[in-house]
Every structure is written in C-alpha cells, then in structure tokens.
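In what follows, a single structure is set out as structure tokens and then discussed.
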Amino acid sequence: MLRLALPLVLSAVALAAPFTPSGGLGTNSTPPVYQPMSDFDFQSLSLGLYQEYIELDLFHHGLAMFSSDDFDAAGLNAQDRFLIEFMADQEVGHATLISNMLADTAAKQCNYTYPFESVRDFVDFCQKLTRFGESGVYGFLEHMNSRAAATLLLESITTEARQQMIFRQFEGLFPMPEWFIPAITQSMQWTLLAPYITSCPENNTHLEWQNFPALNITNNPNVTSLNPPAISSNTTYSISNPGRTLNLTWESPGMQVGPDGAYNTSTSAGEPKFVAWISQLNTTYTDLTIIGNNSGSTVQPGGEIFGNDTFSTINGTIFVLVTDANPYVTPFNLTMLNQHVVAGPAMYQSG
Ligand SMILES: *[C@@H]1O[C@H](CO)[C@@H](O)[C@H](O)[C@H]1NC(C)=O
Ligand SMILES: *[C@@H]1O[C@H](CO)[C@@H](O)[C@H](O)[C@H]1NC(C)=O
Ligand SMILES: *[C@@H]1O[C@H](CO)[C@@H](O)[C@H](O)[C@H]1NC(C)=O
Ligand SMILES: *[C@@H]1O[C@H](CO)[C@@H](O)[C@H](O)[C@H]1NC(C)=O
Ligand SMILES: *[C@@H]1O[C@H](CO)[C@@H](O)[C@H](O)[C@H]1NC(C)=O
Ligand SMILES: *[C@@H]1O[C@H](CO)[C@@H](O)[C@H](O)[C@H]1NC(C)=O
Ligand SMILES: *[C@@H]1O[C@H](CO)[C@@H](O)[C@H](O)[C@H]1NC(C)=O
Ligand SMILES: *[C@@H]1O[C@H](CO)[C@@H](O)[C@H](O)[C@H]1NC(C)=O
Ligand SMILES: *[C@@H]1O[C@H](CO)[C@@H](O)[C@H](O)[C@H]1NC(C)=O
Ligand SMILES: *[C@@H]1O[C@H](CO)[C@@H](O)[C@H](O)[C@H]1NC(C)=O
Ligand SMILES: *[C@@H]1O[C@H](CO)[C@@H](O)[C@H](O)[C@H]1NC(C)=O
Ligand SMILES: *[C@@H]1O[C@H](CO)[C@@H](O)[C@H](O)[C@H]1NC(C)=O
C-alpha cells in the first residue's frame, strides 16, 4: 500500500518571498533549461518523439486509408473526421516541441506498418497506441533531470490523454473506466511501439531502451463491434470480469524488431511464473499456468482500488506482462520490474 505522508503542518515558518512558501524546486529566478540534462532525459525525450511521430502518421494514414463512406458506415461523420485531423495537427505541434528541445540530435519521422483493415479497428488501435504513449510518458516524467523539459512534455501529454478518451468514445466505450491512469517504463513503451516502425532515416537516434519479447493475449476481448460511437455509454455489461481466463503466447528473446530490424528483443528474467497486471496505481500478480513452450494462461484478478465499494482495479486499457517474480512495486519504482520481465507488455482490453 502507498503510504502517503500527511502534509507537514509547520507553524510560523519563514516565507521564501512574499506569498511564497519555502521549498519547491525551480521557483526562483534561475532560468529554466528546456533541454535534456542527462542521457536519461535525452533517451526519454527521444522515445517520446518516436511516439509523437507515429501518432502523426497514424491519424493521417487512417484518414487517407478509408473513404468517407467507410467512416460514415462506422458511425463517424465529417465532424468526427475533422477532429481526427485536428489531433494529427496537435501531433505536429508535439513533435515540433520535442524536436526543439533536442535540436540537432532530434530523431526524424520514420515509416510504419499498421495492423488494421477497418475503421473500427483503426480507432481501436489509436485508442491503444495513445494509451501506451500516455502511460509511457507518465512513467518517466517525474524521473527526469530537467524539470523544465518535463513541464513542457506534461503539457503535450495531457492533450494526448484527451485523444485517448475521444478514441474510446469513438468506439462507444465508457470514456474513462478508471480512477488513475497507469504508468509504464520506457522499455515497456518501446516494446509496444517498435514493432510498428519499419524503417527510419539512416542516422536516426538509436534508443537505449530494452525491447522485451512480444506477448500476445490470444483471447483479448474484441470491442470493435460492440457499440456505436457515443459521448458516453452506460456499459450495462463488463467487457471482462474477474475469473476470466487469459490465454497467452510469447516469443523467445533474440528476435529482430523495430526500424530495419535494428533492435533485438532480450530478457534478463528466469523461468516464467507470474503475470503482472499494471492498472491504475497497482501492479497486481496472478499465477501463470504453463500450457506449452512459450504459452500459458492466467485468470483475471478482482480487487478494488481502495478496498470494497470503491472501484475495480482491473479496468480500461491496461498492461499485462509475463514475469519470473512478483516484486512489490509502486508507480515511482516500477523500473524495478524491468529485470523480471519475460515478455510483454501486451495491452489488455479489460473495460
Ligand atoms: C492499489 O494500490 C493502492 C495504492 O497503493 C492500494 O491502497 C490498494 O490497496 C491497491 N489495491 C489493490 C486491490 O491491490
Ligand atoms: C469497469 O468500469 C465500467 C464503467 O464504470 C463498469 O461498468 C464495469 O463494471 C467495470 N468492470 C469491472 C470488472 O468492475
Ligand atoms: C520510407 O519508405 C519509402 C518507400 O519504401 C522509402 O523511399 C523511404 O526512404 C522510407 N523512409 C524512411 C525514413 O525510411
Ligand atoms: C543525420 O544526418 C543529417 C545530415 O548529415 C543531419 O542533418 C541530421 O541532423 C542527422 N540526424 C541525427 C539524428 O543525427
Ligand atoms: C495474437 O493471437 C491472435 C489469436 O490467435 C492472432 O489472431 C494474432 O495474429 C496474434 N497477434 C500477433 C501479433 O501475433
Ligand atoms: C474484431 O472483430 C471484427 C468483427 O466484428 C473484425 O473485423 C476484427 O478483425 C476483429 N479485430 C481483431 C483485432 O481481431
Ligand atoms: C446503467 O446501468 C446500470 C446497470 O445495468 C443500471 O442499474 C442503471 O439504471 C443504468 N443507468 C442508466 C442511466 O441507464
Ligand atoms: C486457454 O487456457 C485454458 C486454461 O489453462 C486451457 O484449458 C485452454 O486450452 C487454453 N486455450 C487455448 C486456445 O490455448
Ligand atoms: C542483434 O543481434 C545480431 C545477431 O543476432 C547482432 O549482429 C546485432 O548486432 C544485434 N543488434 C543489437 C542492436 O544489439
Ligand atoms: C518444447 O520445445 C522443446 C525443445 O524445442 C521440444 O522438445 C518440446 O517438444 C516442446 N514442447 C511442447 C509442448 O511443444
Ligand atoms: C470486503 O468484503 C469482503 C466480503 O464482504 C470481506 O470479507 C472483506 O473483509 C472486505 N474487505 C475490506 C478491506 O473491507
Ligand atoms: C517499491 O516501493 C515500495 C514503496 O512504495 C516498496 O515497498 C517496495 O519494496 C519497492 N519495490 C522494490 C522492488 O524496490
């Protein structure tokens, strides 16, 4: 359980300046530095930039791939298409912002491949991709050396959070079935992103993050034909419930992935034993039942975020991984899980 310290109540503490309590960081006249201040910052911002570029390409690609009739048939009209176009414009802004912070060392736009052939599957893919972009940035923002750069990135990622919610609404899903948005590590984000990048300009930034072996939930709920688009729907059914069996298959390490196959998947974990569910504030583990080589099953857990009659912990678009251990981790030390990842994450459509 997270132990949150109560606010310190100090009496008669001197103010740093009029109406300015002492403490805090970056609140004096030192000029903010909107640049990476460490290799960690550089690699994190570069990962963010790779993410913004694929979103920019993806939104345009979907608009170009399907006709107006296709969109209309999926319940998305001209105004909805304009909103997707506007989101693409937002991505131009976000990519510009990060490129400016990285200056000469900013990566460039790549080529991509996408796993959808219908408007509904396009929207579902956008909903999942924006979620892992969002969760990936939440995972590293507060760990950056440059708090100034983190502030700018925060102002772009909150926009992306709104995009994710709109894509859920375009699917007719409940817009935000969670009390908290989960964070993941950079290596988890890069694992999810890299398979869709086919090629990049020759000297593009090579990311240092790990690519874990791919994980597939072979019976992931398919929500694309459930509901018409709606601002909100009273989900009178659950897309999945505690007790549901998940069947999983995963790759062995050593596969080439990412642009031009320039990255190799790897793991430092031992035998697969658990399934980690990263959802909201919680990383919850369930036992993995091995079915065969690189395949197994587990059962969706229950649990409510702050105990009975609060809200289901496992809900929304979440992250599932196969691990060799079940260390207790909380949002700020999730990185400690990386060394235990056998495969994944995969995105589970739980609500
Ligand atoms: C989820 O995390 C919160 C915050 O750490 C904790 O209070 C709660 O007990 C956890 N809930 C479950 C079901 O694990
Ligand atoms: C997930 O959230 C939705 C929307 O609030 C709710 O209808 C559903 O019952 C929740 N799922 C679970 C497993 O509790
Ligand atoms: C993208 O693909 C096109 C067509 O194959 C190729 O001409 C171009 O060089 C590629 N661009 C990048 C950045 O890899
Ligand atoms: C790649 O090379 C070109 C041409 O030399 C240069 O303009 C660009 O800044 C380089 N990009 C990176 C990411 O180093
Ligand atoms: C995941 O499993 C499903 C069901 O077997 C399959 O249709 C799909 O192609 C698999 N996805 C990947 C990326 O291998
Ligand atoms: C989901 O179901 C629809 C048909 O209802 C199908 O066209 C689509 O390919 C399925 N999506 C996935 C990812 O399996
Ligand atoms: C929403 O669904 C729940 C569960 O089926 C039901 O109890 C409730 O009356 C519904 N509310 C509305 C406004 O339709
Ligand atoms: C899914 O997992 C269950 C429980 O382990 C198993 O009985 C079933 O055969 C699995 N299904 C597939 C398609 O592998
Ligand atoms: C990936 O593995 C191949 C050999 O299988 C090796 O030649 C290559 O250098 C590796 N690439 C990286 C980025 O580690
Ligand atoms: C697992 O792999 C080993 C070695 O490749 C092979 O001998 C064995 O038959 C496989 N088992 C299953 C259940 O596929
Ligand atoms: C939650 O409810 C169950 C069943 O009523 C009860 O056994 C359990 O003690 C409750 N847990 C908490 C944390 O209140
Ligand atoms: C992560 O932080 C929690 C406190 O929030 C601590 O109890 C736990 O031991 C830490 N996990 C690891 C693996 O260090």
Side-chain angles (χ1 to χ4, degrees), residues 1-5 62 65-66 70 73-75 113-129 132 167 171-173 178-183 191-198 211-228 239-240 242 245-252 255 257-258 265 274-286 291-292 294-297 300-320 322 326-334 337 343-350:
M1 180 180 284
L2 280 184
R3 289 191 186 78
L4 302 176
M65 179 173 175
F66 303 110
D70 294 334
T113 179
Y114 299 115
F116 51 78
E117 275 160 23
S118 68
V119 170
R120 299 297 302 233
D121 282 349
F122 159 62
V123 172
D124 187 61
F125 184 71
C126 291
Q127 180 263 122
K128 292 190 165 91
L129 185 122
F132 71 66
F167 285 120
E171 290 189 271
L173 293 172
E178 60 255 315
W179 284 5
F180 302 94
I181 307 298
T191 296
L192 289 164
L193 170 56
Y196 304 112
I197 310 178
T198 50
N211 295 88
F212 298 118
L215 175 66
N216 191 356
I217 303 168
T218 57
N219 60 346
N220 212 353
N222 178 345
V223 299
T224 60
S225 51
L226 287 180
N227 296 315
I239 292 168
S240 73
T245 296
L246 261 71
N247 289 91
L248 304 166
T249 62
W250 58 93
E251 290 180 351
S252 297
M255 307 280 285
V257 286
T265 62
F274 297 96
V275 172
W277 305 70
I278 302 175
S279 184
Q280 308 200 53
L281 299 174
N282 303 79
T283 300
T284 309
Y285 299 91
T286 53
I291 297 178
N294 293 13
S295 74
S297 69
Q300 180 176 332
E304 304 221 336
I305 184 142
F306 289 125
N308 290 338
D309 303 321
T310 57
F311 191 72
S312 53
T313 309
I314 305 296
N315 210 330
T317 309
I318 65 167
F319 303 91
V320 165
V322 172
N326 57 352
Y328 176 54
V329 287
T330 51
F332 200 63
N333 68 1
L334 193 65
L337 188 57
M347 305 202 69
Y348 182 52
Q349 196 61 50
S350 147

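Sequential numbering from 1 along the given sequence is applied to the chain's residues. When a ligand or atom number is given, it counts from 1 through the structure's own listing order.
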Review point. What is the closest protein heavy atom to atom 5 (O) of ligand 6, and at what distance does it sit?
Key: S225 OG, 3.3 Å
Review point. Counting N and O atoms only, with roles assigned by atom type, does the side chain of T283 sit under 3.5 Å from a partner on the main chain of I278, one being a donor and the other an acceptor?
Key: no
Review point. For atom 3 (C) of ligand 5, what's the nearest protein heavy atom and its distance?
Key: N216 ND2, 3.7 Å
Check your understanding: Does a side-chain heavy-atom distance below 4.5 Å link Y328 with T330?
Key -> yes
Point to revise | Close side-chain approach of M347 to F319, heavy-atom, < 4.5 Å | key: yes
Practice item. Assess whether side-chain hydrogen bond (donor to acceptor under 3.5 Å, both in side chains) is satisfied between T317 and Q349, documenting all intermediate values. Key: CA-CA 5 Å; T317 309; Q349 196 61 50; 3.2 Å; yes
**Study point:** Per-atom contacts of ligand 1 with F306, taking only distances under 4.0 Å to non-hydrogen atoms
**Key:** 7 (O)
Check your understanding: Where does T218 meet ligand 5, judged by heavy-atom distances below 4.0 Å: at the side chain, the backbone, both, or neither?
Key -> both
Practice item. Heavy-atom contacts with T313 under 4.0 Å: which atoms of ligand 1 show up? List them by number with element. Key: 13 (C)
Check your understanding: Judged by atom type as modelled, is there a donor-acceptor pair below 3.5 Å linking the side chain of N227 to the main-chain atoms of G172?
Key -> yes
**Study point:** Verify atom 7 (O) of ligand 5: protein non-hydrogen atom under 4.0 angstrom away
**Key:** no
Exercise for review: May I ask you to decide if D121's main-chain N or O and S118's side chain share a donor-acceptor pair within less than 3.5 Å?
Suggested key: yes
Exercise for review: Determine, counting only non-hydrogen atoms of the protein, whether one lies under 4.0 angstrom from atom 12 (C) of ligand 6.
Suggested key: yes
**Study point:** Nearest option to atom 2 (O) of ligand 1, as decided by whichever heavy atom of T310, N282, T284 sits closest
**Key:** N282
Review point. Can you tell me if Q280 uses its side chain to pair, donor with acceptor, with the backbone of F180 under 3.5 Å?
Key: yes
**Study point:** Structural part of Q280 in contact with ligand 1, heavy atom criterion under 4.0 angstrom
**Key:** neither
Point to revise | Nearest-contact summary for atom 10 (C) of ligand 6 - protein heavy atom, Å | key: N222 ND2, 2.4 Å
Review point. Which part of D121 is near ligand 6, with near meaning a heavy atom under 4.0 Å away: side chain, backbone, both or neither?
Key: side chain
Point to revise | Option with minimal heavy-atom separation from atom 9 (O) of ligand 1, where the choices are T330, I314, I305 | key: I305
**Study point:** Test: D124 and K128 ion pair at under 4.0 Å
**Key:** yes
